[in-house]
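Data block below; observations after.
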Amino acid sequence: FEQAFRTALLQEGAAFADADVGFCSEPALACAVMHEGGKPLIGYFGVHVAFILREPEDQLKLYHRFRDEIVPDQRSTLATVAPYISMQMFYHMPVEVPAVRPVSLYTSPATYAPT
């Protein structure tokens, strides 16, 4: 996946090169590839960041890339959709990433009233 995504970004050419910021979510491995391109990131995660990686060594490598490269970059901002995902990131990396619940405004005008 990583090499295929890197190739796709290169094929995009000016579209990616001219972007001021990269937005990433799942798979989080895409965040690392975009950051290699020199882009600040807005990362928003709804699952464990290494869920796509099967091998423990690959997971550790991704954790180290986040901890050592992406998190220290003050141009980038990371958040999760739930506190338990933030806790997973803290346990595995350890870095503190805030949980920011989705607002879900797209559901309006849906309402729920218990009976």
Side-chain angles (χ1 to χ4, degrees):
F1 170 83
E2 187 172 356
Q3 186 55 44
F5 187 68
R6 192 176 286 115
T7 301
L9 288 178
L10 290 174
Q11 290 174 347
E12 288 296 318
F16 179 71
D18 292 344
D20 294 324
V21 66
F23 177 80
C24 58
S25 189
E26 288 92 31
L29 186 54
C31 299
V33 176
M34 282 192 251
H35 194 260
E36 285 175 4
K39 300 295 177 193
L41 301 175
I42 297 172
Y44 191 57
F45 308 103
V47 298
H48 184 270
V49 294
F51 86 97
I52 197 171
L53 302 171
R54 293 183 187 189
E55 300 301 322
E57 297 81 17
D58 294 334
Q59 292 177 2
L60 287 172
K61 182 179 175 185
L62 182 61
Y63 297 149
H64 290 162
R65 289 168 80 181
F66 264 80
R67 184 193 66 204
D68 299 338
E69 299 167 18
I70 298 171
V71 171
D73 184 350
Q74 294 185 3
R75 304 171 306 150
S76 297
T77 300
L78 305 177
T80 69
V81 300
Y84 79 92
I85 299 170
S86 295
M87 290 172 58
Q88 286 177 334
M89 291 177 81
F90 184 75
Y91 178 80
H92 289 289
M93 291 190 220
V95 297
E96 292 186 38
V97 176
V100 180
R101 300 277 189 178
V103 178
S104 302
L105 293 176
Y106 60 89
T107 62
S108 186
T111 60
Y112 171 76
T115 57

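Treat the numbers as computed from the prediction; the structure is a model and nothing was measured.
The two residues Arg67 and Pro72 have their closest heavy-atom pair at O-CD, 3.2 Å. Here the closest heavy-atom approach between residue Ala99 and residue Ser86 is recorded as N-OG, 3.5 Å. Closest approach of Cys31 to Phe66, counting heavy atoms only: CB-CZ, 4.0 Å.
Tracing side-chain contacts under 4.5 Å through hydrophobic residues (I, L, V, M, F, W, Y), one never reaches Leu78 starting from Tyr84; they form parts of separate clusters. Hydrophobic clustering of Ile, Leu, Val, Met, Phe, Trp and Tyr side chains at less than 4.5 Å, counting indirect connections, keeps Val81 apart from Val97. Both Met34 and Val71 belong to a common hydrophobic cluster when Ile, Leu, Val, Met, Phe, Trp and Tyr are linked at side-chain heavy-atom distances under 4.5 angstrom. The hydrophobic clustering, which links ILVMFWY residues whose side-chain heavy atoms are closer than 4.5 Å, places Leu10 and Leu41 apart. No single ILVMFWY cluster, assembled from side-chain heavy atoms under 4.5 Å apart, contains both Phe23 and Ile70.
Relative ring orientation between Tyr63 and His48 is described as perpendicular, the plane-to-plane angle rising above 60° on a 0-90° scale split at 30° and 60°.
The CZ atom of Phe51 sits 11.0 Å away from atom CG of Leu62, with the distance rounded to the nearest 0.5 Å.
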Given Leu29 and Arg65, is the side chain to side chain contact (heavy atoms under 4.5 Å, CB included) satisfied, shown in steps?
CA-CA 9 Å; Leu29 186 54; Arg65 289 168 80 181; 3.9 Å; yes
Steps toward side chain to side chain contact (heavy atoms under 4.5 Å, CB included) verdict (Gln59, His92)
CA-CA 9 Å; Gln59 292 177 2; His92 289 289; over 6 Å; no
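With hydrogens and angles ignored, the 3.5 Å screen pairs a side-chain donor or acceptor of Lys39 with a backbone N or O of Ala17. Within the 3.5 Å criterion, the main-chain N or O of Phe45 finds no donor-acceptor partner in the side chain of Thr80.
By the 4.5 Å heavy-atom criterion applied to side chains, Lys61 and His64 are not counted as neighbours.
Atom CG of Asp18 sits in a crowded spot, with more than 12 heavy atoms from other residues, nucleotides or ligands closer than 6.0 Å. Within a 6.0 Å sphere centred on CD1 of Ile52, other residues, nucleotides and ligands contribute more than 12 heavy atoms. Heavy atoms of other residues, nucleotides or ligands lying less than 6.0 angstrom from CD of Glu96 number 12 at most.
Annotation: ring-ring contact (aromatic ring centres under 6.0 Å, His included) contacts of Phe1 (sequence neighbours excluded): Phe5. For the side-chain contact (heavy atoms from CB on, under 4.5 Å) test, residues two or more places apart in sequence or in another chain that qualify with Thr7 are Gln3, Gln11.
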